Every structure is written in C-alpha cells, then in structure tokens.
Amino acid sequence: MIKNTNIPSFIKAASQVVSNQLKVAPAVVLPKKEKTDVKGVLLTSYSLNQCLPVNKMSVVAGPAVSTQVRCAHTDIHVPDWSNYRRDAVKSPTAKSAESDESRKNFTYLLAGAGAVGGAYAAKAMVTQFITSMSATADVLALAKIEIKLGDIPEGKSVTFKWRGKPLFIRHRTGSEIAAEQAVPVGSLRDPQHDHERVTKPEWLVVLGVCTHLGCVPIANAGDFGGYYCPCHGSHYDASGRIRKGPAPLNLEVPVHVFPDESTLVVG
C-alpha cells in the first residue's frame with residue numbers, strides 16, 4: 001500500500017523491488033495536477049510513472065517480472081575534450097592539406113618499394129626456373145659427339161651412338177656423289193636434292209632410324225646401294241632418301257658442323 005504524500009516512500013531508495021501482487025491504493029498523487037483522493041487505483045508501471053518526478057525515476061513492471069523503481073542519473077557531465085584536440089581536426093568539414101600531402105607521399109613511397117621488391121622477386125624466380133631447365137654438364141657431354149674423319153675410309157659407313165640413337169657416318173666416293181646428284185627430285189617420295197642433305201658432298205651424316213616404324217637399317221645394302229630396313233623392306237639410297245618400301249620420309253639429317261678438315265661435330 002502507498003501512503004497519500006507528496007513524495008511517495010518507494011522513491012527514497014535507488015532501486016526498490018515491488019511485488020506484482022499489488023493491491024488497490026486509497027489515493028495516488030498525480031504530478032502537475034491537483035491533489036485528489038483517488039481510490040481504487042491499481043498500481044501499475046504507468047500509474048507509478050505518473051506520480052514520479054519527471055526525468056528522475058522510472059518504473060519497470062511486467063507480468064513475469066517484479067515491479068522495479070530506478071533512479072535515472074541525469075547529472076553526469078561529459079568533459080570538454082576540445083582543449084586536447086589539434087586545431088586542424090576540430091572542424092569536421094575542414095581538410096588538412098599537409099596531412100593529405102603526407103599521406104600521398106607515403107602511399108607513393110610504399111607502392112614504389114613494393115614494385116621494386118616484386119620486380120627483384122620475379123627476376124629471382126625466373127632466373128631459378130630457367131637455370132633448373134638448363135642441361136647439366138653430363139647431359140651436355142652426351143649432347144654432342146666429335147668424330148675423327150680420318151678413321152673412316154672412303155666408301156665405308158660407320159655407326160656411332162649419339163643421344164641413344166644410331167648415327168651413320170658415310171664417306172662417299174666420287175661415283176656415289178655423282179649418282180645421287182643426278183637423281184630427278186620429282187621422282188622422289190620425299191623430294192629433296194642431294195646438296196640439301198649434306199654439308200660436304202663426300203660426307204653423309206644421317207640417323208640410323210627408319211622413318212616407318214623405327215627399325216635400324218643396314219648400311220651398304222638395298223636396291224639403291226644405300227641403306228635397307230629389314231623390318232618392312234624400305235630401301236634408301238646413298239643420300240639417305242627413301243626410294244622404295246613403306247617408309248614415308250627420308251632418313252633424318254642431324255645438325256652437324258666441320259670445325260676443320262679432319263673433325264666432325266654432331267649436335
């Protein structure tokens with residue numbers, strides 16, 4: 001029950017819990033109104049808020065919670081921080097030219113440093129990648145073969161092993177050179193003149209791999225005096241050109257040079 005006074009007794013505490021089972025009070029003081037002896041008023045959150053000082057206290061009530069009276073602290077003062085702020089940032093619309101310029105310079109410096117660092121990193125990665133792809137010393141040693149031409153007599157064909165494949169070196173005679181140069185190019189399956197296949201007319205350098213199915217031909221054999229493949233009967237002449245049989249192309253001529261008159265380097 002609430003006594004009919006100017007200041008109700010339940011606002012003397014900062015927080016007062018009131019039971020939901022409220023009974024009818026004989027009278028309630030309504031602020032900003034004449035005192036009236038109100039009887040039969042149920043104390044709810046609305047009626048209690050009406051009798052509290054404005055902006056000082058509030059009443060919270062509900063069907064599932066207890067009614068609470070709380071004091072509102074409205075006398076807290078926020079300190080003035082303007083004395084601690086720089087003049088350049090006091091105005092929300094002012095622009096600081098010095099700050100903008102310094103930020104731009106820092107951004108340019110950071111972007112330039114990142115670009116230079118990225119370029120050096122990319123260079124290092126590309127260099128390492130290319131280096132990893134280059135052949136080692138032992139591979140380079142097998143990539144080329146040096147042959148002494150004085151060991152091959154005229155009219156003979158010698159077989160060497162180069163990069164895992166047979167290599168035919170033929171020391172042609174004058175009659176063989178003349179016969180091969182006189183062959184009509186238009187009559188060949190893989191048209192190619194003799195001088196297109198040799199660097200020096202007396203020396204023929206070809207790979208000993210049949211262009212049909214990869215068998216190794218026999219030197220100084222066949223119908224044309226050149227090479228004969230025993231697997232399927234392909235005949236090549238003394239210039240390594242296909243003349244008869246199923247092979248579609250001439251024997252391959254590898255890259256070779258003559259550093260001097262007595263030396264041949266293949267590869």
Side-chain angles (χ1 to χ4, degrees), residues 128-267:
Q128 184 177 4
F129 178 73
I130 295 177
T131 304
S132 65
M133 295 179 62
S134 60
T136 58
D138 55 343
V139 174
L140 292 176
L142 297 176
K144 294 184 178 181
I145 182 173
E146 182 176 323
I147 300 171
K148 298 298 181 180
L149 299 178
D151 298 336
I152 305 175
E154 187 178 8
K156 298 295 182 178
S157 178
V158 180
T159 303
F160 297 89
K161 185 178 182 180
W162 176 68
R163 296 183 181 179
K165 299 178 181 179
L167 177 68
F168 294 160
I169 308 297
R170 187 184 183 101
H171 191 178
R172 301 192 301 181
T173 62
S175 59
E176 290 176 338
I177 297 173
E180 300 305 330
Q181 292 180 349
V183 175
V185 178
S187 63
L188 299 175
R189 180 179 302 170
D190 185 11
Q192 198 173 22
H193 198 274
D194 180 70
H195 65 76
E196 298 177 15
R197 297 178 55 79
V198 295
T199 303
K200 288 186 175 183
E202 62 271 20
W203 295 104
L204 174 67
V205 182
V206 293
L207 292 181
V209 179
C210 181
T211 58
H212 180 219
L213 293 177
C215 295
V216 179
I218 301 173
N220 297 322
D223 297 344
F224 299 90
Y227 302 93
Y228 171 72
C229 180
C231 293
H232 301 92
S234 295
H235 298 259
Y236 301 88
D237 59 16
S239 186
R241 297 172 295 189
I242 182 64
R243 302 293 294 275
K244 182 180 177 181
L249 300 174
N250 302 331
L251 294 179
E252 182 182 353
V253 178
V255 177
H256 61 279
V257 294
F258 294 89
D260 51 58
E261 292 296 330
S262 61
T263 306
L264 168 66
V265 177
V266 181

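A quick note: this is a predicted structure, and the numbers were derived from the prediction, not measured.
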Pairs under 3.5 angstrom only: tabulate donor-acceptor contacts from the side chains of residues 251-258 to other protein residues two or more places apart or in another chain.
unit_1: H256; atom_1: ND1; unit_2: P254; atom_2: O; d: 2.9
unit_1: H256; atom_1: NE2; unit_2: T199; atom_2: OG1; d: 3.2

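- Remark: the backbone N or O of S239 is paired with a side-chain donor or acceptor of R197 at under 3.5 angstrom.
- Legend: side chain to side chain donor-acceptor pair (under 3.5 Å) pairs involving residues 240-250, not counting sequence neighbours, sorted by first then second residue: E180-R241, D190-N250, Q192-N250, D223-K244, D237-R241, D237-R243.
- Shown here for P184 and S187, the closest heavy-atom pair between the two residues is O-OG, 2.7 Å.
- Taking all atoms of both residues into account, the shortest heavy-atom contact from P246 to S234 is CD-OG, 3.2 Å.
- Cysteine sulfur proximity is not satisfied for C210 and C215, their SG distance being 2.5 angstrom or more.
- At least one side-chain heavy atom of L188 sits less than 4.5 Å from a side-chain heavy atom of V183.
- The closest side-chain heavy-atom distance from Y228 to P230 is below 4.5 Å.
- When all heavy atoms are compared, the tightest approach of Y227 to P217 is CB-CB, 4.0 Å.
- Remark: E196 CD is packed, more than 12 non-hydrogen atoms of other residues, nucleotides or ligands lying under 6.0 Å away.
- To the nearest 0.5 Å, atom CD of residue E176 and atom CG of residue N220 are 7.5 Å apart.
- Put simply, CD1 on I242 and NE2 on H235 are 8.0 Å apart, with the number rounded to the nearest 0.5 Å.
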Below 3.5 Å, can you tabulate the donor-acceptor pairs from side chains in residues 145-159 to any protein atom, sequence neighbours excluded?
none

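- With a 4.5 Å cut-off on side-chain heavy atoms, F168 and L204 do not count as touching.
- The shortest distance between side-chain heavy atoms of W203 and H171 falls below 4.5 Å.
- L264 contributes atom CG, which lies 9.0 Å from atom NZ of K200 (distance to the nearest 0.5 angstrom).
- When side chains are defined from C-beta on, T211 counts as touching Y236, because their heavy atoms get closer than 4.5 Å.
- Taking every heavy atom of both residues into account, V209 and G214 meet most closely at CG1-CA, 3.7 Å.
- The main-chain N or O of G245 is found under 3.5 Å from a side-chain atom of R189 such that the two form a donor-acceptor pair.
- To the nearest 0.5 Å, the span separating CZ on R170 from CD on E202 amounts to 13.5 Å.
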